[in-house]
Number of protein chains: 2
Amino acid sequence: MAETAPRLAALDRDTLGDSAYQTLSDALIKGRFQPDDRLRIRDLAAELGTSVTPVRDAVLRLVQDRALVMRSPRDIRVPILSSADYLEIRTIRLNLEGLAAEKAADAVTSAHIAELERITAEKERALLAGDGAYATELNQVFHFALTDIAGMPVLKSVLQRLWLQMGPLIAEMYRTSGLEVVEHHHILIQALIDRDGQAAAAAIRSDILERGAPILERIRRAEREAAAGAG
Amino acid sequence: MAETAPRLAALDRDTLGDSAYQTLSDALIKGRFQPDDRLRIRDLAAELGTSVTPVRDAVLRLVQDRALVMRSPRDIRVPILSSADYLEIRTIRLNLEGLAAEKAADAVTSAHIAELERITAEKERALLAGDGAYATELNQVFHFALTDIAGMPVLKSVLQRLWLQMGPLIAEMYRTSGLEVVEHHHILIQALIDRDGQAAAAAIRSDILERGAPILERIRRAEREAAAGAG
DNA sequence: ATTTGATATATGATGCATCATAATCGGCGA
DNA sequence: TCGCCGATTATGATGCATCATATATCAAAT
């Protein structure tokens, strides 16, 4: 104990509960759960190799995030986002991600630019390779990088929860998309290089609107079908 | 299955965990905890008359909300908001509450107006009676009423978490404020009557900025003192 | 065969025992 | 007297037993 050497990383930072939360969040973002899927704490615990306690912790936190819903006291499910829910989240994202882009333009450095370009290039490769799950992940990384550049950790946590709510839908969208989904990223990067906050905000908003269009279409189609089915 | 009768209300089967979350949230908003206070799960459980499990559930959710922080694995505290944190939250609120006010102007009814006027009148009475805690609560009710009028439940949940983070600070501010804190509420109500979304958004933004000024001052003073004390 | 009510099962909620470890305290040596 | 090492205590994390109750199963009556 003569010295508290700055170990490379206090790796174990995570409790099992945090780990379960991360794992389930990833699964939601990657689309490994479908809307309306039912989750059972005991089953998840068996899958994760822990007792129910950490899984329960994680599930409760995800319910708090609205990333899961407790339909009845014993029925935990992946929510089915209504078109109204989706539009509301989209409106909030247009505001907040626009804000992040604007602030990022004030704080951006060349190192940040390089990082964003690296992420975008890798995302293009993933898309060309047909690896939708990886592209989804990189897309998320790109969007959250803006909040990091802007130096807005609270905003980041807010947006993470909103993304979690849309998780399964985004993953679905990426399964059928091509290179057009990076178009606005290039425009955004250029705006950041120009330190043009308004243009950066506009770029991210266009990205949200255009890539959201097919998602909204899918939701509305599902709602029409459900309405028809229920008579 | 002949019909899914809309039962009057499944009278929220609140679990003990939900109840603990509510109780602790209220305590934070009402200022019954001070920044940097340490919380002990076992103590809280004793106070609430339950086992540790529901309290742990609640505390984990509050940590997720950033309304509490785990400074070290065994040290749960009410966070000390830095001025940077506060300004970031303020920026987000300016955007989101502005958005709520704007949308509320599109959806408002005379019943809504009456409700807002009722809340404001009661808040004035509370302020005149020197009941800061009740005024704080009514202020919160007023702000969240806007998201209800706007029909934006997701936005409401986002804002609730932001308010929770500022909880102890807001309560402190209300202990020393007078009737000026309702001024913008009247302007806002008039804007809603006029269905003028821009004016409504401007009113709520002025409210946030002006009532936030003394809070920010207090934070900065505390930071200066801490810096001086640490030499 | 369909409905209905009793029974069995499934599953989250709750309480509690135990564990690991950080914080605290006490004693020993200089 | 002061400071360091080991024992003690405090406290969140984890696992698990039990409970309450929603859901599913099944038998009996019509």
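Chain A is the first sequence line, chain B the second, and so forth, proteins listed ahead of strands; every chain is numbered from 1.
Following rounding to the nearest Å, D18(B) (CG) and dT14(C) (C1') show an atom-to-atom distance of 13 Å. Atom CE of M70(B) and atom P of dA23(C) are 12 Å apart (whole Å). In this structure, L68(B) places its CG atom 14 Å from C1' of dG12(D), rounding to the nearest Å. Nucleotide dA13(C) holds its C1' atom 11 Å from the CD1 atom of I76(A), rounded to whole Å. Rounded to whole Å, atom P of dA22(D) lies 13 Å from atom CZ of R38(A). As rounded to whole Å, 16 Å separates atom P of dC16(D) from atom CZ of R56(A). Spacing between atom CG of D57(A) and atom P of dT14(D) amounts to 8 Å, rounded to whole angstrom units. In this entry the distance linking CD1 of I41(B) with C1' of dT14(D) reads 12 Å, nearest Å.
Position along DNA chain C of the nearest nucleotide to T50(B) versus L39(A) favours L39(A) as the more 5'-ward residue. Projected onto DNA chain D by closest heavy-atom contact, P54(A) and D43(B) fall at different nucleotides, the more 5' of which corresponds to D43(B). Comparing S72(A) and V52(B) against DNA chain D, the residue whose closest nucleotide sits nearer the 5' end is V52(B).
The side chain of L16(B) has dG15(C) as its nearest neighbour among dG15(C), dG12(D), dG12(C). Proximity note for R40(B) (side chain, C-beta onward) versus dG15(D), dG12(D), dA23(C): the nearest is dG12(D).
Among T147(A), L159(A), I204(A), T91(A), the single residue meeting the side-chain contact (heavy atoms from CB on, under 4.5 Å) criterion with L96(A) is L159(A). In summary, of the residues considered (R218(B), R220(B), M166(B)), a side-chain contact (heavy atoms from CB on, under 4.5 Å) with Y86(B) occurs for M166(B) alone.
Environment of CZ in R32(B): sparse, with no more than 12 heavy atoms of neighbouring residues, nucleotides or ligands closer than 6.0 Å.
Considering only side-chain N and O atoms, S51(A) lies under 4.0 angstrom from the phosphate OP1 or OP2 of dG15(D).
Of the N and O atoms on the side chains of H143(A) and D207(A), at least one donor lies less than 3.5 Å from an acceptor on the other residue. Using modelled atom types, one finds no donor on one side chain facing an acceptor on the other under 3.5 Å when comparing E223(B) with S82(B).
Nucleic acid contact for L60(A): none, since no nucleic acid atom lies under 4.0 Å from a heavy atom of the residue.
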Do any N or O atoms of the protein come closer than 3.5 Å to N or O atoms of nucleotides 19-21 of chain C, and which pairs are they?
{"residue": "dT21(C)", "atom": "O4'", "partner": "R74(B)", "partner atom": "NH2", "Å": "3.3"}
{"residue": "dT21(C)", "atom": "O2", "partner": "R74(B)", "partner atom": "NH1", "Å": "2.9"}
{"residue": "dT21(C)", "atom": "O2", "partner": "R74(B)", "partner atom": "NH2", "Å": "3.2"}

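For the pair K30(B) and E137(B), the salt-bridge criterion is met [side-chain N within less than 4.0 Å of a carboxylate O].
Nearest heavy-atom pair across A100(B) and A150(B) is O-CB, 3.7 Å.
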